[in-house]
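Naming: A, B, ... by sequence-line order, numbering from 1 per chain. Since the structure is predicted, the reported quantities are computational estimates derived from the model, not experimental observations.
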Amino acid sequence: MNFVAIKMLIGDRAKYLGIIFGLTFASLLITQQMSIFVGLMTRTYSAVTDLGQPDIWVMDEKVQFIDDLKPLQSTELYRVRGVEGVQWAMPLYKGLLKARLSNGNFQTCNVFGLDDATLMGGPPEMIEGTLDDLRRSESVIVDINGAYGKLAKPSAIPGGKPEPLKVGDTLELNDHRAVVVGLCKVGRTFQSQPVVYTTFSRATTYAPRERKLLTFVLVRAKAGQDLNELCDRIQASTGLLAIPADEFKWNTVKYFMKYTGIPINFGMAVLLGFLVGIAIAGQTFYNFTIENLKQFGALKAMGTGNFTLLRMILLQALLVGTIGYGLGVGAASLFGLISRNSELAFRMPWQILAITAAAVTFICMVSALISIRKVIKLEPAIVFKS
Amino acid sequence: MTNTATKLAVSCRGVTKTYGTGTSAVQALRGVDLDVNAGELLMLVGPSGCGKTTLISVIAGILDQDEGDVHVFGHDMKHMGQRARTAYRGKSIGFVFQAYNLLPALTAAENVAVPLFILGVPRREAIERARAVLTSVGIGERAKSLPAQLSGGQQQRVAIARALIHEPKLIVCDEPTSALDQDTGHKIMEILRDVALAQDRALVIVTHDSRTFEFADRIARMNDGLIARVDASPGRPTS
Ligand SMILES: Nc1ncnc2c1ncn2[C@@H]1O[C@H](COP(=O)(O)OP(=O)(O)OP(=O)(O)O)[C@@H](O)[C@H]1O
Ligand SMILES: [Mg+2]
């Protein structure tokens with residue numbers, strides 16, 4: 001009877017496509033919105049990701065996430081270095097500084113100051129120049145998206161294309177001259193400000209006069225050292241907050257989830273996809289069953305048991321569910337592929353696929369169940385009615 | 001007359017059925033007594049609304065009577081239990097519905113094969129047998145057509161083939177020849193007649209078509225929810 005069920009479903013082409021469309025739409029919307037959400041959330045901690053080398057981040061105990069800047073006394077660096085199990089500890093300056101563009105406009109940049117001696121914590125990928133060029137005086141490295149975007153010089157001809165910032169160009173950071181010696185690629189940040197790398201000491205000259213300029217201490221643990229134990233030791237001896245990099249990422253995500261409307265926003269979009277899916281697919285599937293009620297009645301009269309009818313309807317639901325899910329997730333992947341090089345955040349880990357699969361299964365089951373009720377309660381005597 | 005005439009295929013005693021309740025209640029059957037012998041073709045005739053369809057629905061076990069007893073080959077359909085009754089219908093009863101009720105998405109052969117699918121016969125074998133039955137009702141060449149591509153009469157023959165394919169012991173038909181011309185109608189009745197003559201089987205056919213009366217063993221005339229009389233067929237001697 002499985003074959004009869006499938007033929008019944010496919011035979012009613014308009015309805016069949018309608019149900020599949022509904023499910024495709026629902027899984028596309030759910031997958032795509034969740035992927036953008038996850039993409040945005042990974043952007044919130046892209047600075048932590050880009051700085052791959054340290055195992056542990058040390059910061060003021062009140063710091064909640066990566067952009068929460070509460071600088072430390074510069075002497076803290078030496079106290080951290082003194083903790084047992086620390087292989088190395090480097091200073092990191094992270095701050096928002098105003099860059100003055102040649103047309104007089106200001107643009108806030110995310111400035112990183114790296115340890116002068118080791119330049120530890122540099123950009124993950126250089127496009128032009130090398131990290132060592134930072135040893136030259138007044139030098140900075142700018143990220144390529146910033147150079148081509150927010151830091152680009154307006155065209156000399158009115159209405160022309162803006163000219164990207166190049167190696168050799170200068171810009172002013174807080175009224176201090178800076179020379180671009182390299183271009184790099186970094187993970188996109190949440191606020192998508194341009195990222196500027198320089199040395200720690202130079203960053204402190206750019207930064208407004210403040211007593212404390214050490215934002216983070218980056219720590220690499222000795223081989224075989226348990227990270228949580230080391231964090232506890234650092235915390236005990238310095239009174240600072242020390243957390244493994246992965247946990248810092250997660251704290252950052254949690255902060256954004258808790259204090260911004262973003263999750264609610266995306267949650268609504270996902271819910272919408274879910275509801276639209278139920279509405280379209282469920283409704284069409286229900287209509288399909290109702291319109292075929294006489295056929296089901298005939299099958300019942302001819303001796304098809306309720307259990308078999310149930311199996312037939314579930315099979316129909318499973319079939320449209322699988323096709324709709326496949327098309328929807330496929331379309332979402334395609335969307336992700338196309339938007340790969342754009343501003344859009346898009347990340348599709350397998351968990352999203354699993355959640356979408358569960359949602360589509362739920363939609364199909366609900367649709368099937370309301371339809372099945374009708375068929376189970378059906379009086380086969382309707383078949384003799386003309 | 002056949003030599004199995006003494007064996008009862010269907011027996012109805014005091015069968016009543018009322019649709020609805022209160023002022024809108026319609027008493028469709030008012031105490032029907034009727035026997036159908038094995039090997040017999042019984043026709044059920046009567047004015048529209050007298051309860052013919054209701055009666056064959058009760059006999060075929062797709063509708064519960066309110067009172068009275070119905071036995072089909074000794075089985076009490078009403079007290080059989082839902083599952084057993086459904087299974088019994090699938091194995092032992094063939095249906096020709098008034099509105100054909102073919103599945104529009106299945107070809108003629110697949111439609112005919114449905115009772116075999118229900119009984120779990122493998123698809124290939126079922127379709128093979130369906131083709132043969134379609135040929136015997138004269139539309140073997142339309143086996144691959146969809147119902148929508150067939151005329152009313154052809155659809156009716158598909159429906160009849162479907163009622164015959166699993167060789168049920170009892171076949172109930174609601175107006176099986178209404179859409180057919182005289183020749184085709186005759187041919188269909190002959191086929192149905194042959195089935196009835198096979199041992200231990202019986203047919204109950206609701207009809208308005210007096211041209212087919214000659215194929216009946218007996219004709220039961222119904223009026224207002226009761227069997228008014230049972231006559232021997234004009235073409236056959238009284239039993
Ligand atoms: N489901 C129902 N609900 C209410 N009344 C019904 C129902 N089915 C049949 N009836 C009524 O029961 C009576 C008998 O109906 P039935 O269909 O058995 O007549 P019939 O002899 O088959 O008529 P026809 O020759 O027109 O097919 C009619 O008065 C009809 O209106
Ligand atoms: Mg009728």
Contact class of [X] relative to chain A, heavy atoms under 4.5 angstrom:
X	answer
B/F95	side chain
B/V58	neither
B/R162	side chain
B/I118	both
B/E175	neither

Test item: side-chain donor near acceptor, [X] and [Y], under 3.5 Å:
X	Y	result
B/T54	B/Y19	yes
B/T53	B/D174	yes
A/T356	A/T31	yes

Sort [X] into side chain, backbone, both or neither according to what part of it lies under 4.5 angstrom from a heavy atom of chain B.
X	value
A/E379	side chain
A/L9	neither
A/T308	neither

For B/T107, does its backbone N or O pair with a side-chain atom of B/N111 as donor and acceptor, under 3.5 Å? yes

Give a yes or no answer on whether the side chain of A/T304 reaches the backbone of A/L299 with a donor-acceptor pair at less than 3.5 Å.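 Yes.
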
Which one wins on heavy-atom pair count under 4.5 Å against chain B: A/V4, A/D12, A/N292, A/I10?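 Between A/V4, A/D12, A/N292, A/I10, the count favours A/V4.
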
Which of A/A298, A/G305, A/G11 touches chain B most, by non-hydrogen pairs under 4.5 Å: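 Among the listed options, the one with the most contacts to chain B is A/A298.
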
Taking the inter-plane angle between the rings of B/Y88 and B/H75 on a 0 to 90° scale, is it parallel (under 30°), tilted (30 to 60°) or perpendicular (over 60°)?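 Rings of B/Y88 and B/H75: tilted, 30 to 60°.
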
Aromatic rings A/Y259 and A/Y255: how do their planes relate, parallel, tilted or perpendicular, breaks at 30° and 60°?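 Ring orientation, 0 to 90° scale: tilted.
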
